[in-house]
Amino acid sequence: KQEVTQIPAALSVPEGENLVLNCSFTDSAIYNLQWFRQDPGKGLTSLLLIQSSQREQTSGRLNASLDKSSGRSTLYIAASQPGDSATYLCAVNRDNNDMRFGAGTRLTVKP
Amino acid sequence: NAGVTQTPKFRVLKTGQSMTLLCAQDMNHEYMYWYRQDPGMGLRLIHYSVGEGTTAKGEVPDGYNVSRLKKQNFLLGLESAAPSQTSVYFCASSYPRYEQFFGPGTRLTVL
């Protein structure tokens, strides 16, 4: 069974810092990995999707990497802003009907 | 282009009552999903559909039924609600093996 772990569970940083969120998974036979952002009381917003054949994806200040063999992904956020405060979720897809989510990292960026 | 919409946004039920949650998407996606999100448990897949007229069980299907009579709609039914079904329910849709897009969620309380 695929287990997805996100560390740390919570993170607080001052504005402007670069930071890394971690995601690990136990079964490396995945099709893709997706990072989401969730604001309190809201739905999930897709940030980045990395297909299993890719090593990384970038969108603006966000960069996500994937190392399938070690079962790890990282989400790098450059020059963090208070508006980045949210919970970040990673999810791995063994096939399109079996997406497993981590419990998330709650990020607070202090002005 | 509304993306994925869900109705209702909030609902309170008494134990034993029934209800139907509606999900609609306007992106012509083949795949649709229902998840529940509980504190400390992350998101878990309830049922999914890979096309009009087809449905299948996910990780936690007991107590729920679904129907996909039209490609753009996916309904989640609770025939006899139980307090354990108190949760936030999310619908999502996607093309096969591509990123999933989520609706805003339905917050359900069963008393």
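Chain identifiers are assigned alphabetically (A, B, ...) following the order of the sequence lines, protein sequences preceding nucleic acid strands; residue numbering begins at 1 within each chain.
When heavy atoms are compared at a cutoff of 4.5 Å, B/L43 approaches chain A by way of both its backbone and its side chain. Using a 4.5 Å cut-off between heavy atoms, A/L48 makes no contact with chain B at all. For a residue to count as touching a neighbouring chain, one of its non-hydrogen atoms must lie under 4.5 Å from one of that chain's; by this rule B/Q37 touches chain A with the side chain only. For B/V50, the part lying under 4.5 angstrom from a heavy atom of chain A is the side chain only. With a 4.5 angstrom heavy-atom cutoff, B/R44 does not touch chain A via any of its atoms. Using a 4.5 Å cut-off between heavy atoms, A/Q6 does not touch chain B at all.
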Can you list the steps and then say if A/D67 with A/S69 is a side-chain contact (heavy atoms from CB on, under 4.5 Å)? CA-CA 6 Å; A/D67 184 342; A/S69 60; 2.8 Å; yes

Could you walk me through whether A/S52 and A/N32 pass the side chain to side chain donor-acceptor pair (under 3.5 Å) check? CA-CA 5 Å; A/S52 61; A/N32 56 50; over 6 Å; no

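A salt bridge links A/R61 with A/D84: the distance from a Lys NZ or Arg NE/NH1/NH2 to an Asp or Glu carboxylate oxygen falls below 4.0 Å.
A donor-acceptor contact shorter than 3.5 Å is absent between the side chain of B/T55 and the backbone of B/V66.
Side-chain atoms of A/T74 and A/S65 include a donor-acceptor pair closer than 3.5 Å.
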